[in-house]
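Just so you know, ligand 1 is whichever comes first in the structure, and atom 1 is the first atom listed for that ligand.
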Amino acid sequence: MDIRFLGQSAVELIDGDTRILVDPFISGNPKATVSADELEPTHILLTHGHQDHYGDTVELAQRTGAPVLAQVEIANELSELGLETVHDPNFGGTVRFDWGWVKLVPAFHSSTTPNGTVSPPGGLLIMVGETLVYHLGDTCLFSDLKLITQRGNHVDVALVPIGGHYTMDRHDAVVACEWIGADAVIPVHYDTFPPIETDAQAFKADVEAATESKVVVLAPGETHTVR
Ligand code: NI
Ligand code: MN
């Protein structure tokens, strides 16, 4: 499986003909290297409703017909906006697909969509074939990260916010990585805007000194292949 980083928290998980797009903030993303028109997702997943995650969801789903998975209040908004295939789990819920499954888990943050829908924010455990990707969404460091990752399947790849200000910073993120125990960590949600500028290489050095995890720093547009 390939993981293509698109800037901020947007990633595309590509496995054969399956292209799972998470948090597609492309239009208005100063770090984006593609336009939303160039993306052809087969599925869209949202961690929460903030614009820097919700992004181009409605336009992409309308153009491609990709089903969208989001926490139930956001899913209801998307249905009311006319999207036909919407999955609406709440925390603890697992939605199965022909390529695997997605479990919605808590995050410690806030969430309001650009249209004003208030909903609790989440993270996503995404099993694609035999590979488990944990997209933390936006969150501070909170101890349930241990519970989420220490029961159930081993996390192969974790997408961890490190920019601070709106989420955990790179120092708290090292502790999160100690708890998660992923084989690979990809830092996200940094350097997109001045308040969340940070040193991803210092984060990499700190995590690799403290844990067995390998940190893969991707520039927007770059791809990491999971073996
Ligand atoms: Ni947010
Ligand atoms: Mn955010």
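Comment: D206 engages R170 in a salt bridge, judged by a side-chain N to carboxylate O separation of less than 4.0 angstrom. Using a cutoff of 4.0 Å between basic side-chain nitrogens and carboxylate oxygens, E222 and R4 are not scored as salt-bridged. For E59 and R63, the salt-bridge test fails: no basic side-chain N is under 4.0 Å from an acidic carboxylate O.
Draw a line from the Ni ion (ligand 1) to ND1 of H50 and another to OD2 of D138, and the angle between them is 170° (to 10°).
Coordination check, H109 versus the Mn ion (ligand 2): failed, since every N/O/S atom of the residue sits at 2.8 Å or beyond. Taking 2.8 Å as the threshold, H189 counts as a candidate ligand of the Mn ion (ligand 2), since one of its N, O or S atoms lies below it.
Nearest N, O or S atom of D52 to the Mn ion (ligand 2): atom OD2. Restricting D138 to its N, O or S atoms, the one at the least distance from the Mn ion (ligand 2) is OD2.
Between F25 and H50, the distance from one ring center to the other does not fall under 6.0 angstrom. Between H53 and H189, the ring centre distance stays below 6.0 Å.
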